[in-house]
Protein chains: 2
Amino acid sequence: MGATLKDIAEKSGYSITTVSRALSGYDDVNEQTRQHIIHVANALGYEPNLPARHLRGLSTQTIGMVIPANDQTFSAHDFFSQLLTGVGDAASRERYDLLISTQVPGEEEMAAYRRMVRGNRVDGMVLARTRQHDPRIAYLHEQGHPFVVSGRSAPGEPNDYPFIDVDSQAGLRILTEFLIELGHRRIGLILPPEDIAYTDYRHNGYREGLAHRGLEYQADYVVHGDLLRSGGYRGAQRLLDTHPLLTAIIACNDLMALGTMSAIQGRGLQVGRDVAVAGFDDIPAAEYAHPALTTIQQPIYEIGQRLVHMLLAIIRGEDLPESQILLQPKLVVRASSGPKIT
Amino acid sequence: MGATLKDIAEKSGYSITTVSRALSGYDDVNEQTRQHIIHVANALGYEPNLPARHLRGLSTQTIGMVIPANDQTFSAHDFFSQLLTGVGDAASRERYDLLISTQVPGEEEMAAYRRMVRGNRVDGMVLARTRQHDPRIAYLHEQGHPFVVSGRSAPGEPNDYPFIDVDSQAGLRILTEFLIELGHRRIGLILPPEDIAYTDYRHNGYREGLAHRGLEYQADYVVHGDLLRSGGYRGAQRLLDTHPLLTAIIACNDLMALGTMSAIQGRGLQVGRDVAVAGFDDIPAAEYAHPALTTIQQPIYEIGQRLVHMLLAIIRGEDLPESQILLQPKLVVRASSGPKIT
DNA sequence: CTTGACATCCGAAACGTTTCGGGTTAGATT
DNA sequence: AATCTAACCCGAAACGTTTCGGATGTCAAG
């Protein structure tokens with residue numbers, strides 16, 4: 001089907017070597033010859049066979065990324081969509097493609113990493129949503145394969161790799177103190193699953209916020225949820241069933257905050273008046289939500305782009321000025337947190 | 001770095017051939033031998049070199065997709081996020097990976113297609129957002145490479161390929177008639193750019209709807225916008241500047257509808273009371289918008305999944321029962337279209 | 001004892017590219 | 001006339017895998 005160097009060589013009367021060198025711009029081939037070869041190549045619709053190149057160990061011009069598929073069918077976390085877009089756009093500008101595998105965390109997921117790394121399909125990997133004792137990081141480390149991470153290790157674990165993360169401990173502290181300042185005293189918290197690396201940071205931030213303002217930490221104001229709307233819905237139901245006097249709920253991502261709002265509204269209560277709600281991420285839907293969602297902003301798209309630049313620097317052997325970046329979170333106040341109460 | 005068949009062969013005392021055959025499950029190798037070889041392979045952390053396999057012409061277990069990057073930096077169309085998720089989830093279940101390249105339509109984009117197809121990197125392609133006289137379809141046709149399409153050709157062009165599309169002509173007719181039934185007589189329309197294949201279908205549907213109800217088509221009630229929020233915003237401004245008496249605006253996708261709502265609200269008018277708004281797609285944000293958006297639902301995620309199943313059937317040489325699927329659109333009425341007016 | 005069948009194994013070629021280490025020629029220099 | 005240089009070209013090996021077409025040895029049947 002596709003024309004090869006050999007075809008061009010035969011048609012043009014030169015050797016495969018010369019054809020190869022002509023097409024890749026070496027200067028030891030006559031300019032006329034080169035033109036002729038290029039002409040023949042175009043006529044035949046030649047396109048280099050990439051696997052053959054990669055077999056020779058040349059760059060694949062490809063970045064790999066494994067994204068977690070969720071429970072059932074749906075993996076459209078807004079977070080990953082945005083990250084992926086940032087990564088994709090930046091990669092495209094550097095003439096890199098993306099190899100994507102969506103996998104449920106577990107053995108299959110590790111296999112996907114192995115296929116990409118040891119299978120020689122990518123120059124580097126972008127890793128997201130770190131977990132406690134993350135086996136993916138251990139693997140990439142051991143392989144010595146270039147990689148960058150969105151998010152850092154859980155508190156207490158080593159951070160011996162390049163990453164970009166938002167200081168979500170500070171984020172939750174700010175959010176908690178903000179709600180306390182509005183007059184709230186009983187604030188529920190819906191955390192991510194325990195194995196997510198940032199869960200403890202956010203938990204700590206919440207505790208810090210309470211402590212700063214002299215409030216007692218109540219363990220039963222805190223529940224865990226998957227990171228989806230449904231998890232937020234169920235978490236809020238659980239909190240409000242057991243503690244109807246809560247006046248505010250913080251969900252650790254916007255999707256769960258949206259679920260929380262549904263649960264509150266489903267009970268005939270009004271978000272922002274009866275119960276204040278806040279989220280984390282500032283995904284596009286946060287702005288359009290009704291009422292609009294008070295949240296902590298993470299520049300996800302930009303993080304995606306910067307991760308690519310870091311990764312390419314590593315691949316190219318340049319040394320990067322900053323390899324561990326901790327961004328400061330930004331509070332975005334909208335209607336869902338309601339007015340000051342008394 | 002990575003162990004090869006040769007390494008395993010040396011370590012185990014068998015030939016490369018036998019190692020290869022043992023690992024790929026041929027039955028002409030002694031079971032004990034196989035166990036031994038598998039053991040050695042695991043000990044060395046063997047992972048097959050994919051490029052070498054692909055060079056031999058074996059399946060790449062990869063589906064390619066080129067997604068359009070928009071104007072400046074941002075390509076996070078909700079539409080593509082959802083489609084990508086559907087494609088990714090279905091592919092994952094069939095043990096396929098995705099090769100993604102984001103490209104601005106044009107020469108670079110075609111080059112990306114060539115790299116994937118002729119460069120032998122994918123078994124098949126998923127193509128989305130068809131354009132008039134789409135060169136990508138022509139190319140894939142000519143190459144005889146398996147592909148499926150989300151969307152069909154513009155009216156009058158041949159549809160000689162497998163696709164899934166929503167009957168958006170019917171969709172716009174339904175939407176238009178619905179607004180007329182609510183009492184609207186002056187309805188603006190914000191179309192996609194002219195070169196998008198479905199633009200004419202939607203334009204025709206709008207005209208049909210008017211005609212059915214005995215209303216005159218007014219060419220200056222119709223403008224074009226890019227498919228982003230900003231385009232909807234600008235389009236609505238233009239319409240309302242020139243025709244302040246419009247009582248309804250249909251935007252041809254939800255993103256533009258959201259922009260339209262901003263424009264209306266920015267003029268101190270109320271969406272659903274002063275001006276009715278409707279969109280197309282039913283992306284998640286439509287439900288959360290304020291007011292919630294009346295729109296035509298497209299099952300984008302499911303389309304993504306079904307496209308993968310069609311594509312894999314083609315790749316495997318099975319014949320598919322249906323290769324050209326036209327889905328019926330569904331009207332979703334929410335607050336943005338307002339009540340009946342008199 | 002010969003033959004055939006079976007189980008097990010392997011050598012070598014092939015996929016398409018890049019690159020090392022040359023070779024050939026023509027013209028310039030001695 | 002011999003030597004050198006520069007310009008241009010090419011053969012062959014290598015990357016890691018799969019697979020075709022045997023090779024070898026063992027054992028049962030004739």
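These figures come from a predicted structure and were not determined experimentally. A, B, ... follow the sequence lines: proteins, then strands. Residue 1 opens every chain.
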Identify, between B/L5 and A/T18, the residue whose nearest nucleotide on DNA chain D lies closer to the 5' end.
-> A/T18

What's the closest nucleotide to the A/L55 side chain, out of D/dG16, C/dC9, C/dT19?
-> D/dG16

Value in whole Å for how far the C1' atom of D/dC8 lies from OH of A/Y26 = 15 Å

Starting at atom CD of A/Q61, determine the distance to atom C1' of C/dT17, rounded to an integer number of angstrom.
-> 16 Å

Side chains of A/T60 and A/D123: donor-acceptor distance under 3.5 Å anywhere?
-> yes

Please set out all donor-acceptor pairs under 3.5 angstrom arising from side-chain atoms of residues 3-11 of chain A, sequence neighbours excluded.
unit_1	atom_1	unit_2	atom_2	d
A/T4	OG1	A/K6	N	3.2
A/T4	OG1	A/D7	N	3.4
A/D7	OD2	A/T4	N	2.9

So does B/R129 pair up with B/E109, basic N to acidic O under 4.0 Å?
-> no

Start with the C-alpha gap between B/E108 and B/R115, add the side-chain angles, then the distance that decides, and say whether salt bridge (charged side-chain N to carboxylate O under 4.0 Å, His left out) holds.
-> CA-CA 10 Å; B/E108 279 293 309; B/R115 278 206 305 276; 5.4 Å; no

Strictly under 3.5 Å: I want the nitrogen or oxygen pairs between protein and nucleotides 21-27 of chain C, one per line.
none

Sidechain N-carboxylate O distance under 4.0 Å for B/R53, B/E47 = no

Phosphate oxygens OP1/OP2 of C/dT17: is one of them under 4.0 Å from a side-chain N or O of A/Y46?
-> yes

Could you give the CG-to-C1' distance, from A/L23 to C/dT19, as a whole number of Å?
-> 15 Å

Please tell me which of B/N30 and A/P51 maps to the more 5' nucleotide of DNA chain C, matching each residue to the nucleotide holding its nearest heavy atom.
-> B/N30

Please table the atom pairs, donor to acceptor, closer than 3.5 Å between any side-chain atom in residues 307-321 of chain B and protein atoms at least two apart or in another chain.
unit_1	atom_1	unit_2	atom_2	d
B/H309	ND1	B/Q305	O	3.2
B/R316	NH2	B/E94	OE1	3.4

d(CD, A/E47; P, C/dT17) in whole Å = 10 Å

Interatomic distance, B/R53 CZ vs D/dG16 P [rounded to whole Å] = 14 Å

Looking for any heavy atom pair under 4.0 Å, which part of the strands does A/T33 touch: base, sugar-phosphate only, or nothing?
-> sugar-phosphate

Whole-Å distance between C/dC10 C1' and B/I37 CD1?
-> 12 Å

Which residue, A/D165, A/N159, A/T130, forms the side-chain hydrogen bond (donor to acceptor under 3.5 Å, both in side chains) with A/S153?
-> A/N159

D/dC9, C/dC10, C/dT17: which one has an atom nearest the side-chain heavy atoms of A/V29?
-> D/dC9

For B/Q32 and C/dA7, what is the distance between atoms CD and C1' respectively, to the nearest whole Å?
-> 14 Å

What is the distance, rounded to the nearest whole Å, between atom CD1 of A/I16 and atom P of C/dT19?
-> 15 Å

